[in-house]
Amino acid sequence: MSKVIYLTDQRAAAAAGDAAPAGTAVLPPAGTAVLPPAGQPALDTRARPLRDLRISVTDRCNFRCTYCMPRDAFDSNHVFLPHAQLLSFEEMARAAAVFVRLGVRKIRLTGGEPLLRKNIETLVGLLAALRTPEGDPLELTLTTNGSLLARKARALKEAGLTRVTVSMDALDPAMFARMSDTDFPVADVLRGIDAAAQAGLAPVKVNMVVRRGVNDDQILPMAAHFRGSGHILRFIEYMDVGSTNGWNMAEVLPSADVIARIGERFPLTPLHTDPMGRVAQRWAYADGAGEIGVISSVTQAFCEGCTRARLSPEGRLFLCLFASRGHDLRALIRGGADDDQLAAAVAGIWAGRGDNYSERRLADTPGAPRDPKVEMSYIGG
Ligand code: SAM
Ligand code: SF4
Ligand code: SF4
């Protein structure tokens, strides 16, 4: 007997408290879906294995970064997801265990601001207890704006977190305030980074989104500050995620230019990067003062090696950062599907994945109609 489960993206309706389904899909009857052979990861249409899972635990944030949650779009009228719509920690951990069975070896918690979710260390503890089929623990990381990190670092480490990534777009306090549109002091983010390293969540990665003509004068000060600190600074090309940030190509500073600017002052040598699952290209300071990375999703698409699935705060599975729709796993989880059925549904969804937005970005007809892309503050980086 097959079971009818709602599988469309009902985010807007759910956020407005309207449970009316916009469409249906059928849960595969037990035993009919293609699960990967034991010990093999699920593969998509381009033979990309399912290896990474990003779980967005909340769509809320205490910052209003201009490139992510511009204040005019995310003001007091914006409807955030009600708590009852969010997956519980137990539901997230159950879903995560299914993904691990299908090949996932690395989980990143994100948001919104993940440290705003109360008792997040409880979720970290549940995920840290998961084991791969070979009996190994997972790599378990978290991306944060750093505002609550000084307070939380030790508890996160004790709960089993492996590492953290902290977003920080400028060293200069005025530019930091302008990029994050908050009055939270950059000095406190720096304290959070140090607290994380001291707690053993090292090496700490620091992500800087670069907007040409806005904060690109911070590239060298940031590089100079983090050189030799043991933290790994990574420069991210400003991306056209979502539909609220008014992105335009003129504000993208290609990573090649970032490397050229830093290399002029501090000579760099390229490090080997594994193409599968790769996000950042790594460079080492020639004088041994550590490494930096660049994430070039606009100028050098890395879809070919993209092994990431994304779970939204209310349990929708997205196959790409630039997707418009997710697959409603919460309906399966709360509808009584057992783990085998859940695994079959996820494997089936992954098997149909052909997403490659970054390879097509510049070829797509500008202005051609398309559904709005999911927001970064909802699905996470
Ligand atoms: N709030 C946390 C933080 O800022 O680290 C986690 C969520 S945030 C959406 C994850 C990452 O996405 C951050 O490093 C942020 O800088 C990055 N990001 C958000 N919008 C972006 C954009 N338009 N282009 C490039 N990176 C972006
Ligand atoms: Fe919040 Fe992170 Fe988005 Fe900034 S990038 S608004 S900190 S979710
Ligand atoms: Fe992966 Fe989509 Fe980014 Fe390509 S555009 S690397 S498929 S998330």
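This is a predicted model, so every value here is computed, not measured. Starting from 1, each residue takes its place in the sequence as its number. As the structure lists them, so they are numbered: ligands from 1, and atoms in each ligand from 1.
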Practice problem: List every atom of ligand 2 that sits less than 4.0 Å from any heavy atom of Met69, numbering the atoms from 1 in the order shown and giving each element. | Solution: 6 (S)
Quiz item: Which atoms from ligand 2 have a heavy atom of Phe63 less than 4.0 Å away?
Solution: 6 (S), 7 (S)
Quiz item: Is Ser377 close to ligand 1, meaning an N/O of one under 3.5 Å from an N/O of the other?
Solution: no
Practice problem: Could you label the plane-to-plane angle of the Tyr357 and Phe322 rings as parallel, tilted or perpendicular, counting under 30° as parallel and over 60° as perpendicular? | Solution: parallel
Quiz item: Backbone, side chain, both or neither: what part of Arg360 comes under 4.0 angstrom of ligand 3, heavy atoms only?
Solution: neither
Exercise. Please could you name the atoms of ligand 1 that Val209 approaches to less than 4.0 Å, counting only its heavy atoms?
Key: 16 (O), 25 (C), 26 (N), 27 (C)
Quiz item: Is there at least one pair of N or O atoms, one from Thr110 and one from ligand 1, spaced under 3.5 Å apart?
Solution: no
Quiz item: What atoms of ligand 1 come closer than 4.0 angstrom to any heavy atom of Asn245?
Solution: 23 (N)
Quiz item: Does the distance from a Lys or Arg side-chain N to an Asp or Glu carboxylate O, for Asp181 and Arg64, drop under 4.0 Å?
Solution: no
Practice problem: Around atom 8 (S) of ligand 3, find the nearest protein heavy atom and jot down its residue, atom name and distance. | Solution: Leu321 N, 3.4 Å
Quiz item: Quick check: does Cys68 get an N/O under 3.5 Å from an N/O on ligand 1?
Solution: no
Practice problem: Look at Arg361 together with Glu237 and state whether they make a salt bridge at an N to O cut-off of under 4.0 Å. | Solution: no
Self-check item: Partner of Arg308 by side chain to side chain contact (heavy atoms under 4.5 Å, CB included), out of Leu321, Asp355, Val279
Solution: Val279
Practice problem: Please state whether the separation between atom 4 (Fe) of ligand 3 and some N/O/S atom of Cys303 is under 2.8 Å? | Solution: yes
Quiz item: With no hydrogens and no angle check, is any side-chain donor or acceptor of Trp350 less than 3.5 Å from a backbone partner on Arg48?
Solution: yes
Quiz item: For Thr165, is at least one N or O under 3.5 Å away from an N or O on ligand 1?
Solution: no
Quiz item: Which of parallel (below 30°), tilted (30 to 60°) and perpendicular (above 60°) describes His78 and Phe74?
Solution: tilted
Quiz item: Without hydrogens or angle criteria, can the side chains of Glu113 and Thr144 be said to hold a donor-acceptor pair below 3.5 Å?
Solution: yes
Exercise. Determine the sole option in Ile193, Ile232, Ile292 for which the side chain to side chain contact (heavy atoms under 4.5 Å, CB included) test with Phe226 is passed.
Key: Ile193
Quiz item: Does Gly112 have a heavy atom less than 4.0 Å from any atom of ligand 2?
Solution: yes
Quiz item: Is Glu237 near ligand 1, meaning one of its heavy atoms is under 4.0 Å from it?
Solution: yes
Quiz item: Do any N/O atoms on Glu113 end up under 3.5 angstrom from N/O atoms on ligand 1?
Solution: yes
Quiz item: Among all protein non-hydrogen atoms, which one is nearest to atom 7 (S) of ligand 3, and what is the separation to 0.1 Å?
Solution: Asp355 O, 3.5 Å
Practice problem: Measure the distance from atom 1 (Fe) of ligand 3 to every protein heavy atom, then report the residue, atom name and distance (to 0.1 Å) of the closest one. | Solution: Cys306 SG, 2.4 Å
Practice problem: State whether Asp136 and Arg105 are salt-bridged, where the test is any N-O pair (Lys NZ or Arg NE/NH1/NH2 against Asp/Glu carboxylate O) under 4.0 Å. | Solution: no
Quiz item: Would you call Glu314 and Arg330 a salt bridge, taking side-chain N to carboxylate O under 4.0 Å as the test?
Solution: no
Quiz item: Given Ser297, Gly112, Gly146, which has its nearest heavy atom closest to atom 7 (C) of ligand 1?
Solution: Gly112
Quiz item: Side chains of Arg54 and Thr143: do they bring a donor and an acceptor to under 3.5 Å?
Solution: no
Self-check item: Charged N-O contact under 4.0 Å between Arg101 and Asp339
Solution: no
Quiz prompt | Heavy-atom nearest neighbour in the protein, as seen from atom 2 (Fe) of ligand 3, with distance rounded to 0.1 Å | solution = Cys320 SG, 2.3 Å
Quiz item: Quick one: which of Gly111, Cys65, Ser56 has a heavy atom closest to atom 8 (S) of ligand 1?
Solution: Gly111
Quiz item: So which bit of Cys65 gets within less than 4.0 Å of ligand 2, heavy atoms only: side chain, backbone, both or neither?
Solution: both
